[in-house]
Amino acid sequence: MADDDRRFMAAALRLAERHSGLTGTNPSVGTILVRDGVVVGRGITAPGGRPHAETIALAEAGERAAGATAYVTLEPCSHHGRTPPCAEALIAAGVARVVIAASDPDPRVDGRGAAMLRAAGIVVEAGVLAAEARRSLAGYLSRMTRKRPYVTMKFAISADGMIGRRGEGQVAITGPDANRQTHLLRARSDAILVGIGTVAADDPSLTCRLPGLRDRSPTRIVLDSRLEIRPDSVLVRTARDVPVMVATLAPASEQASAIRAAGCELLACEAEPGTNRIALPELFEDLAARGLSSLMVEPGARLAATLLEQQLADRLIVVRGETIVGAGGVLAPLDAGSPEGFRKVTEYRFGPDRWQEFERLA
Ligand code: AOF
Ligand code: ZN
């Protein structure tokens, strides 16, 4: 039974992954209904956040839901939104057992979903593949419990320990397979953040350009304390296609109206005390309040160092390529080994490149 529970929950987590980045402020949840060892219904939170996963799985199962076990990656909701609570729907359908991976910290739920199910005589088991679920729901859980987004910082490091070459725009450090994975990561994030230095040097688009996923580009955010972004940069010129936010200390400067007129949103930020740099903790709070749960940062050396110093990165993705950058290289903010304060959770290979993921130690 326990092995089966883990196997079906793993399948529900894989389902949930498909809509991550697509469900707005709602987390992407997976549900699988199993009766007599056979899957009779599957659901993922719909794009935009509604209907919820359970509703979709129950609709697919119809009468076969009676007596079934429901595997849900997040505790079923107990609040009345645009539809009745999922806990009620599971009870009405006659589900016999509900296996939950992670509890829902939304103050409207917070244990009440599980309690409703138990009160109706349903067997509830919580915490199956909880660690995996916390990873899958990291953005949502971070915004709910810490009031800030889950921050993933990604960079590519050359064989000689560089992240680029000074004054030369983008230097190819990794190959096409690792680059596709980076674009997938963008598609799964609510927003992507870079510094004005990167915009000035690379003029990047920061969109997801994978076939079939081009409409899943994240909101693009530039840290630009003095508001130096050029109106003819790719970001500003495409602000009407994919949203652009410019975080700045100079929201009333001359440049501001041109940037706004192009469709960018200006975020008026606070300065870090005693500096002319944007205070990142306050900015991140603001982003969470705007409903952004997962933030990907593709930093230059300075922003990377700042995030590490202020312990604002929750996850590091380091892609180590075989390229040699050589003279004029910009040194990576990490040494060759494991970054301090982080633990390696996975390592994949994409052709010659090594893709390493590290999580912050609690
Ligand atoms: C579920 N199943 O698939 C998801 C849930 O705006 P609403 O009414 O859709 O509610 C949003 C809340 O619903 C969200 O904060 C979280 O508590 C829950 N998400 N719950 O039963 C789902 N996505
Ligand atoms: Zn629900």
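Note that ligands are numbered from 1 as they come in the structure, with each ligand's atoms numbered from 1 the same way. For clarity, every value in this text was computed on a predicted model and none was experimentally measured. This chain uses plain numbering: 1 for the first residue, then up along the sequence.
- Between the side chain of T182 and the backbone N or O of A178 there is at least one donor-acceptor pair closer than 3.5 Å.
- Considering D110, V29, D104, V72 only, the shortest heavy-atom separation from atom 4 (C) of ligand 1 involves V29.
- Of all protein heavy atoms, the one closest to atom 6 (O) of ligand 1 is R82 NH2, 4.2 Å.
- Atom CZ of R166 is surrounded by 12 or fewer heavy atoms from other residues, nucleotides or ligands within 6.0 Å.
- Classification of R97 and D5 as a salt-bridged pair holds, one side-chain N sitting under 4.0 Å from a carboxylate O.
- Using a cut-off of 4.0 Å between Lys/Arg side-chain N and Asp/Glu carboxylate O, R188 and E17 are scored as salt-bridged.
- Taking every non-hydrogen atom of C86 and a distance limit under 4.0 Å, the qualifying atoms of ligand 1 come out as 21 (O).
- Nearest to atom 14 (C) of ligand 1 by heavy-atom distance, out of N26, V109, L90, is N26.
- F8 and Y71 have tilted rings, their planes meeting at an angle from 30° to 60° on a 0 to 90° scale.
- Contact between R108 and ligand 1 is present, with at least one heavy atom of the residue lying under 4.0 Å from the ligand.
- A donor-acceptor pair is defined here as one N or O able to donate and one able to accept, closer than 3.5 Å; no such pair exists between the side chain of H19 and the backbone of S28.
- If you check which protein heavy atom lies closest to atom 10 (O) of ligand 1, you get H79 NE2, 3.0 Å.
- By the 3.5 Å distance cut-off applied to N or O atoms, M144 is not counted among the residues near ligand 1.
- Remark: among candidates R50, E75, E54, the nearest residue to atom 2 (N) of ligand 1 is E54, based on non-hydrogen atoms.
- With a 4.0 Å cut-off on non-hydrogen atoms, C77 touches ligand 1 through its backbone as well as its side chain.
- Under the 4.0 Å criterion applied to side-chain N and carboxylate O atoms, E359 and R343 are assigned as salt-bridge partners.
- For atom 1 (C) of ligand 1, the closest heavy atom belonging to the protein is H52 ND1, 3.1 Å.
- Atoms of ligand 1 lying under 4.0 Å from any heavy atom of P76, numbered from 1 in the order shown and given with element: 21 (O).
- Residue A53 has at least one nitrogen or oxygen atom sitting less than 3.5 Å from a nitrogen or oxygen atom of ligand 1, judged on distance alone.
- Listed by number with element, the atoms of ligand 1 under 4.0 angstrom from any heavy atom of Y140 are 14 (C), 15 (O), 16 (C), 17 (O).
- Within a 6.0 Å radius of CZ in R290, more than 12 heavy atoms belonging to other residues, nucleotides or ligands are found.
- L280 and M296 fall into different hydrophobic clusters, where Ile, Leu, Val, Met, Phe, Trp and Tyr residues are linked whenever their side-chain heavy atoms come under 4.5 Å apart, directly or through other members.
- The backbone N or O of S293 lies less than 3.5 Å from a partner atom in the side chain of D190, making a donor-acceptor pair.
- Taking the N/O/S atoms of H52 in turn, the shortest distance to the Zn ion (ligand 2) belongs to ND1.
- For a distance bound of 2.8 Å, the N, O or S atoms of C86 include one lying that close to the Zn ion (ligand 2).
- Taking atom 15 (O) of ligand 1 as the reference point, the nearest protein heavy-atom neighbour is D106 OD2, 2.6 Å.
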